[in-house]
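Everything on this sheet refers to the single structure shown next.
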Amino acid sequence: MVAMPGLTPGEIMVTAAAREIRDGEVVFVGMRLPLIAFQLAKFTHAPRAVGIFENGIVRETPSQEFLLTMGDPPNVVGANMCTRMSVVMALLGRGRVDVGFIGGAEVDRFGNVNSSYIGPRSKPKVKLPGSGGACDIASLAGRLLVIMSHERHRLRDAVDYVTSPGFLRGRDQRQATGLPGGGPAALITTLGVFGFDAETGEAVLQSYHSGVSIDQIREQTGWPLRVSAAVRETSVPTSEEQAIIRRLDPQGFWTRQATG
Amino acid sequence: MVAMPGLTPGEIMVTAAAREIRDGEVVFVGMRLPLIAFQLAKFTHAPRAVGIFENGIVRETPSQEFLLTMGDPPNVVGANMCTRMSVVMALLGRGRVDVGFIGGAEVDRFGNVNSSYIGPRSKPKVKLPGSGGACDIASLAGRLLVIMSHERHRLRDAVDYVTSPGFLRGRDQRQATGLPGGGPAALITTLGVFGFDAETGEAVLQSYHSGVSIDQIREQTGWPLRVSAAVRETSVPTSEEQAIIRRLDPQGFWTRQATG
Amino acid sequence: MELAEAIGRFVPDGSAVATGTCLESMIPFAAGHEMIRQRRRDLTLIGPIADILFDQLIGAGCVVRIQAAWVGNVSAGLGYAYRRATEQGVPRSIVVEDYTNYTVALALWAGAHGMPFVPVRSGPGSDIVKDHPGFAEIASPFGGGRVPVVKAVRPDVAIIAVQRADAGGNAHLWSHFGITEEAGLAADRIVLLAEEIVDQSVILSDPNRVLFPAFMVCAVVHCPGGCHPSPVQGHYGRDHPFYGEYHHATRTPDGMAVWLERWVYGVPDRAAYLEALGRERWDALRRLRSAPAAPVDYAW
Amino acid sequence: MELAEAIGRFVPDGSAVATGTCLESMIPFAAGHEMIRQRRRDLTLIGPIADILFDQLIGAGCVVRIQAAWVGNVSAGLGYAYRRATEQGVPRSIVVEDYTNYTVALALWAGAHGMPFVPVRSGPGSDIVKDHPGFAEIASPFGGGRVPVVKAVRPDVAIIAVQRADAGGNAHLWSHFGITEEAGLAADRIVLLAEEIVDQSVILSDPNRVLFPAFMVCAVVHCPGGCHPSPVQGHYGRDHPFYGEYHHATRTPDGMAVWLERWVYGVPDRAAYLEALGRERWDALRRLRSAPAAPVDYAW
């Protein structure tokens, strides 16, 4: 049950993300690492989890082929339901989605995510693609899981632009806004895993990946790092998990590159 | 081209209704007489008219069999589109429906129709089935055609309850209400055909059916009858039209009974 | 699951039930009859036009409230039980909240999205929206005057008939949909009545025909003939005379009681009902002309 | 109708165009390329995630405004042309109105119904709704606080790819629908690009697969391969490397010009484009495994 050699941060992230999915849950799946995490969970501890894709697909079984986008034809074949986006979004809107994944360019210590503008909106330094469904998932999913490459310029005290609301400037503020979803439950990075303080909604380091030090994480984090009293090393994938990941992403397209 | 013997009010009404449909128009079809009128129009002067049914059916060709309800299986076979009610209602809501038909228990001189309550709502003398889609059609169709059995207790100065708005108490009032549709264009009864005054929105008798006198109509009308200066006899069906009607309603289920 | 168990477990007294959502076809009469047999009480019935199903439930005393666009007998006229309940409070008085087809569809649509309300396109000028707890007018934040809105409706359960389903709740429905999608998505849970139970692979081969995710379905009941006298495309036609017979038989409360005894209380389940209907009559309704859909390949 | 004529007649300068509405699949690139070839100007592009189609139209200078949830390159990263236009005004500056997937779907849904606006479920707390002409908050007339709403969006034209259509505009689309139905119903008119033209009887045999009434369709264009490099279920797969190649080729304005010359200006139509792509590459994308839908009978 020891992981195979050449373990990558992507593989650790995928495993950590998969373990956030409980059996039988309804998961709003993104592409890249989240998709592989969902599939890994299905093959291991959560065989009855259901995956939802914003283009209108609902699946209970993983696609038979590696996907580069959720619209790839293998994702339609074997799907339980192919419908309109508005139908799957209604499932989100009605509170039927337990977990949602999003990525982005920047995240802050309250779990707010920016995937729209680096620099001022009127004169951006970088125009990013935008929300897609990320803001919807962040607003409405029961628990939000954020996946991010851990670099100091990405983990910021406050993002330039809130595309997808986390706890805004604290749990109270999110609640006051009336957003129905539960907000961020975990921030899974290339270096570690954060939870969010039950009172304030601040990110708190829960675990560091194998071979990474807390100091290294502090250095790469743009806010004063809070570390859980129970901090530990992130569980590494079992050899079974790693084998599944490598079967799901044979070229290492998503799990053997720097970021999700 | 002379009509066959035994001409019924139903057949005259169907023919008058059919002639209100122009070629290429999109028609929100009801059941009974309106359905036969639509089919008659298709077979004669309006071959490119399109029929819409509130259950979600869009058809360009009449059903191959006599229908008792719009949900009868022959109405699905050969349909151009079978979808949700909300899709066909969106066509109405977006102003894409040229003509709609409704019936009811009572109509008043401004074309308001009651199909809900005879007597007070709190203690009705008769509880009628309700709007169905009638209020939607009356509110949103480009032109509204009302079909009614002509009896004094049905053609009232003011209905007990406005299920489906005509001109309310006058064209101005309808306009002030912001209803998008054009309102009543014709009231087709078992005795004659009314238009609606371009200023006031009051019903004005345009024609009386064969064998019916204006006095008879006055007697059966619950408001001070206004008669058009150009009043004439309602055009009777041609023999071709009558033959088509009798093919469409072979048992005379809708066209050889008293009312639509 | 057996129908009796599904109704027993998932449609308790006091439930708000959406059904008859395809309009005149695919009305799950068998489920309504089971509610009557189980003497369900205080139901709220939600639907557009459920033909005589709502009239029967009202006549049997199961209903406290109606949220519908139309209640009656589509091919034969008024519903006598509905009239007796609203005019005389017999067998009990009921609360009627009138909608139109479009507005009840929109109210359920809003419920499906978790929205509190949604604008409507009809209502102003009609007495339907007066003194109605579900309608209001608001100012548009984008200018252009007042906008009528309808409050969301969220049924506790939607009871929906389909042509075929697998045991896990994946199902295919074809022909016109009425407000079935909106009603199902708005409901807390869905009970499916299927003409046929098929292997999951059949359903998954054509995911465009699936209206609901299986996780919303709490019961799949195999119930052939469950929609009689309403039609099911591909399975049986509409039993037109049955509606006229019902109309004449239920003119009086006594007649209603006799009708219910004959067709509901007196038969334990749908199989017995179809037997009571008679083999010949039932076979005649199932003598259909084929109209196959052109093949579709989801090749990948 | 030929594609050049359809774009020439129905997509004039200044049009608001909804396209790429299925998300990553069935994107009518051929129609976008024709707009570029005809040097269309001042377009508003409306969509959820149209992959690199919007980037190409922006890079070619056709666009004045974007109303979308996401603009970039789904499998390869950011869109360089979109970045240049928004960051540097090259080749021209554009107005960006950001939406989310759900809110752009709802805005089009409201447009489809002729409603001025509709409530949304996301938006509060996000900077997307700040200083945005399409978002507001209103009081609920039923209590429970403020409700975020989005203003209706009504495209002039929706350009939609389908697997098969008849000459009259009846069409079948299968696989996931994204916001195609909402966009088409909200638009003034619809241009269809069909992989196959079939007899009307094929379409009418399965009316549940039809998304729009034919009277809304102003042009049916037979355009096989019109969605490459995006996939069309049942016809061809996604040309993944093409997106990476585009990404690398269009890093600079000069690179963009070269790319447009090679794939758009340099080819008169889609047939020539597919020839330029090369028979082998195109054939490989069309080598599919069959996945037939289970038969359905609309017997009556």
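Residue numbering restarts at 1 for every chain, and letters A, B, ... go by the order of the sequence lines.
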### Gap separating the CG atom of B:D72 from the CZ atom of C:R238, nearest 0.5 angstrom
6.0 Å
### Message
Report which part of B:L128 has an atom under 4.5 Å of a heavy atom belonging to chain C: side chain, backbone, both, or neither.
### Response
both
### Task
Nearest 0.5 Å please: distance from the OG1 atom of C:T86 over to the NZ atom of B:K123.
9.0 Å
### Message
As a test of understanding, state which of B:P165, B:S131, B:S139, B:S164 forms a side chain to side chain contact (heavy atoms under 4.5 Å, CB included) with C:S122.
### Response
B:S139
### Query
With chain B, which of C:E182, C:E181, C:R121, C:M26 has the greatest number of heavy-atom pairs at distances under 4.5 Å?
C:R121
### Summary
Closest heavy-atom pair, C:N101 versus B:G133, reported as atoms and distance to 0.1 Å, is ND2-N, 2.9 Å
### Query
Rounded to the nearest 0.5 Å, how far apart are CD1 of C:I128 and CG of B:D136?
8.0 Å
### Message
Is the shortest side-chain heavy-atom distance between B:P129 and C:L78 below 4.5 Å?
### Response
yes
### Task
Count the heavy-atom pairs under 4.5 Å between each of B:S116, B:P74, B:G130 and chain C, then report the option with the highest count.
B:G130
### Query
Quick one: do B:K127 and C:E87 make a salt bridge, cutoff under 4.0 Å?
no
### Query
Does any non-hydrogen side-chain atom of C:L211 lie less than 4.5 Å from one of B:R84?
no
### Task
Could you tell me which portion of C:R289 (side chain, backbone, both or neither) has an atom closer than 4.5 angstrom to a non-hydrogen atom of chain B?
side chain
### Query
Sub-3.5 Å donor-acceptor pair from the side chain of C:S126 to the main-chain atoms of B:V162, do we have one?
yes
#### Entry: Heavy-atom closest contact (C:V74 atom, B:R32 atom, distance)
O-NH2, 2.9 Å
### Query
Heavy-atom distance under 4.5 Å to chain C: side chain of B:E65, backbone, both or neither?
side chain
### Query
Roughly how far, to the nearest 0.5 Å, is the SG atom of C:C22 from the CE atom of B:M85?
10.0 Å
### Task
For each of C:R84, C:K130, C:Q233, tally heavy-atom pairs with chain B at distances under 4.5 Å, and name the one with the top tally.
C:Q233
### Message
At a heavy-atom distance under 4.5 Å, which candidate from B:A134, B:P73, B:C82 has the highest pair count against chain C?
### Response
B:P73
### Contact class of B:V126 relative to chain C, heavy atoms under 4.5 angstrom
both
### Task
Please name the pair of heavy atoms, one in C:G125 and one in B:L168, separated by the smallest distance, quoted to 0.1 Å.
O-CD2, 3.2 Å
### Query
Which answer fits C:P48, side chain, backbone, both or neither, if we ask what part of it has an atom under 4.5 Å from a heavy atom of chain B?
side chain
### Query
Are any of the side-chain heavy atoms of B:E54 and C:L23 separated by less than 4.5 Å?
yes
### Query
Can a donor-acceptor pair be found between the side chains of C:D127 and B:Y117 at a distance below 3.5 Å?
no
#### Entry: Under 4.5 Å from any heavy atom of chain C - which part of B:P180
side chain
### Task
Please look at B:R121 and chain C and tell me whether the side chain, the backbone, both or neither of the residue comes under 4.5 angstrom of a heavy atom of that chain.
side chain
### Message
I'd like to verify something: which residue of C:A291, C:G234, C:S175 has the highest number of heavy-atom pairs under 4.5 Å with chain B?
### Response
C:S175
### Task
Could you tell me whether C:D283 atom CG has more than 12 heavy atoms of other residues or ligands within 6.0 Å of it?
yes
### Query
If you measure from CZ on C:R146 to OG1 on B:T177, what distance do you get to the nearest 0.5 Å?
13.0 Å
### Summary
Distance col, row C:Y243:OH vs B:T69:OG1, nearest 0.5 angstrom, shows 7.5 Å
### Message
Just so I understand: if I count every heavy-atom pair under 4.5 Å between each of B:M70, B:R174, B:K125 and chain C, which residue has the most?
### Response
B:K125
### Heavy-atom neighbours of C:Q88 CD exceed 12 at 6.0 Å
yes
### Task
Measure distances from C:V96 to the heavy atoms of chain B and classify the residue's part below 4.5 Å as side chain, backbone, both or neither.
both
